[in-house]
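What follows is a short report on a single structure.
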Amino acid sequence: MLFLHAHLNGSISADTLQAIWDLRRARGDELGVASPASTLRDPTHAQGIGAWVLRLGRADDSFFAHFGSFVYRIVNTPDALATATRAVLLSFLSDGVAYLELRTTPRALGDGTSAEEAVRVVLREIVAWNGSDGASMPTRLILSVDRARHGAEQALEIAELALRLRAEGLPVVGLDLCGDPAAACDLRALAPAFARAREGGLGVVLHFAETPGSSSAEELDELLAWGPQRLGHAIHVPVPVRERILAAGVAPELCLSCNVLAGMLPPVVVDGAERAPGIVDHHFGWWWARGGPLSLGTDDVGVFQATSTDEHVHAATHFALSRRDMVELSRRAIASALGSDDDKQRVLGLLDAFCRDEGWARRTSR
Ligand SMILES: CNc1ncnc2c1ncn2[C@@H]1O[C@H](COP(=O)(O)O)[C@@H](O)[C@H]1O
C-alpha cells in the first residue's frame with residue numbers, strides 16, 4: 001500500500017497525544033486543554049477523535065475547530081512536534097505502508113519557534129527516518145496552504161519555503177491547498193503561490209469539491225486552472241468535470257471513512273426516500289470503474305480512526321475488488337505520486353515481486 005493523502009496533525013493517535021500531554025504536564029507546561037484520555041473518549045464531546053458525527057461544512061461543524069482548540073495546543077513545542085512526527089511515521093509503517101507522502105501546514109509554535117523552524121523539525125525527523133527505519137517506507141513532505149488562514153502573501157511565503165527546502169536537498173515534493181472550505185477565502189489571490197510552486201517544479205495537490213458550498217463551477221474551474229496533479233476528496237463534482245479531470249490525467253485522492261463519518265457525501269435517494277450514504281455509495285466506485293489514476297487516503301487517521309489497511313479493506317469489500325485489483329489500485333496510485341522516478345520504480349518493483357510470489361503474470365490487469 002502507499003499513501004498520498006495524510007495530514008500530519010490529523011494523523012496523531014489519541015495515545016500519542018496523551019503521551020505528549022503527560023510529558024508536558026510533568027514538566028509543568030500549561031496546555032489549556034484537558035487530558036486527551038478524558039476528552040476524546042467522551043462521546044458527548046463534539047471535537048474530533050471519538051466523536052462520530054463530525055458535520056464538516058455544516059452549521060455545527062466541529063472538525064476544523066478541533067485542530068486549533070485541541071491538537072495544536074498539545075503539539076506546540078519542537079519536542080512535541082518531533083515526537084508526534086516519529087509516532088505518525090511508525091504507525092503508517094506498522095500499517096504496511098510502503099511509500100508515504102505526508103502533508104503539513106507551516107505553523108509557528110507556542111514557544112516562539114517560527115513556522116519555518118517547525119517545518120524543519122518535521123523534516124529532520126523525516127530525513128532521519130528515511131536514513132534508518134524508513135528505508136522500507138520512504139517518506140516525502142508536502143507543505144499545505146490553509147485557505148481559511150492564509151492570504152496571498154503567506155501562501156507565497158509557503159511556496160517559497162517549500163522551494164528553498166527542496167533546493168537544500170530536503171524531501172519536499174509539493175504544495176497543497178487545504179483548510180475549512182466554508183471559511184471566506186479569495187481563491188484567486190492564492191493562485192500565484194501555486195503557479196510559483198509549479199514553475200519551480202513542485203507538485204500541486206488541492207482539496208477539491210469537499211462540500212456543496214465549495215463546489216461552484218467557478219471554484220472548480222479556478223482550481224483546475226492551477227494545473228494540479230491530484231485532487232483531495234473530489235466529492236461534489238458533476239460528471240462533465242469528472243471527465244475533464246480524467247482526460248487531464250489528474251488523480252483523485254479518495255478518503256472513504258472520513259467522507260462517511262464527516263457526513264460529506266450527498267444523500268442517497270432510493271424510491272423517492274432519502275437515506276444516509278455509506279461507503280458503498282462513495283464516488284470511489286465511479287473513479288475505479290473508469291480506470292484512471294486514483295489513490296486511497298486516510299486523511300486524518302487520528303480523528304477518523306480508519307487505518308490505511310481499513311480503507312483498502314473497505315474498498316475491497318464494498319466495491320468487490322479482488323487481490324489483483326488491490327495491486328492495480330496501488331499501481332494507479334503510484335502513477336500520481338510526487339516523488340522521484342526511483343520512488344515510483346521501487347514501489348512498482350515491490351508490486352511485481354508480490355505478483356511473482358502470488359504466481360501471477362508480471363503486469364496484472366483487472
Ligand atoms: C476533510 N478533510 C480535510 N479537508 C481540508 N483540510 C483538512 C482536512 N483534514 C485536515 N485538514 C487540514 O490539515 C490541518 C491539520 O494538519 P496539519 O496541521 O496541516 O499537519 C487542519 O488544520 C486542516 O487545515
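Every number for a ligand or one of its atoms is a count from 1 in the order of the listing. Please read all numbers here as calculations on a predicted model, not as lab measurements.
Within the listing of ligand 1, atoms 22 (O) sit less than 4.0 angstrom from a heavy atom of Arg149. Below 4.0 Å from some heavy atom of Phe67 lie the following atoms of ligand 1, by number and element: 15 (C), 21 (C), 22 (O). Here is the list of ligand 1 atoms found below 4.0 Å of a heavy atom in Asp146: 24 (O). If you number the atoms of ligand 1 from 1 as listed, the ones under 4.0 Å from a heavy atom of Asp299 come out as 1 (C), 2 (N), 3 (C), 9 (N). Taking every non-hydrogen atom of Leu8 and a distance limit under 4.0 Å, the qualifying atoms of ligand 1 come out as 20 (O).
Crowding of Asp357 atom CG: a count of heavy atoms from other residues, nucleotides or ligands under 6.0 Å exceeding 12.
Contact annotation for Asp300 and ligand 1: only side-chain heavy atoms (C-beta onward) come within less than 4.0 Å of the ligand. In Thr104, the parts holding a heavy atom less than 4.0 Å from any atom of ligand 1 are both the side chain and the backbone. Only side-chain heavy atoms of Glu210 come within less than 4.0 Å of ligand 1; its backbone N, CA, C and O stay farther off. At a heavy-atom distance under 4.0 Å, atoms from both the backbone and the side chain of Asn9 approach ligand 1.
Because its NZ or CZ atom is both nearer than 6.0 Å to the ring centre of Trp286 and within 45° of the ring axis, Arg242 counts as a cation-pi partner of that residue.
Here atom 5 (C) of ligand 1 lies nearest to His207 when heavy atoms of His207, His233, His5, Met264 are compared. When Phe63, Tyr72, Phe304 are checked for heavy-atom proximity to atom 14 (C) of ligand 1, Tyr72 turns out nearest. The heavy atom nearest to atom 8 (C) of ligand 1, out of those in His7, His66, Arg107, is found in His7.
Residue His312 comes nearest to Met326 through the heavy atom pair O-CE, 3.2 Å, listed as atom of the first residue, atom of the second, then distance. Between Ile279 and Phe319, the closest heavy-atom pair is O-CZ, 3.2 Å.
For the ligand labelled ligand 1, residue Gly179 lies inside the 4.0 Å heavy-atom shell.
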Derivation and outcome, side chain to side chain donor-acceptor pair (under 3.5 Å), residues Asp111 and Thr113: CA-CA 6 Å; Asp111 65 348; Thr113 301; 2.7 Å; yes
Ser94 vs Ser91, side chain to side chain donor-acceptor pair (under 3.5 Å): CA-CA, chis, key distance, verdict: CA-CA 5 Å; Ser94 323; Ser91 65; over 6 Å; no
Derivation of the ring-ring contact (aromatic ring centres under 6.0 Å, His included) call for His233 and His283: CA-CA 9 Å; His233 302 283; His283 47 296; 8.5 Å; no
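Here the two rings, on Tyr99 and Phe92, have centers that are 6.0 Å apart or farther.
Where the criterion is an N or O separation shorter than 3.5 Å, residue side chain and backbone included, Asp180 fails it with respect to ligand 1.
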For residues 183-196, tabulate all N or O donor-acceptor pairs below 3.5 Å that involve a side-chain atom, not counting sequence neighbours.
from, atom 1, to, atom 2, distance (Å)
Asp186, OD1, Arg188, N, 3.4
Arg188, NE, Glu222, OE1, 3.1
Arg196, NE, Glu160, OE2, 2.8

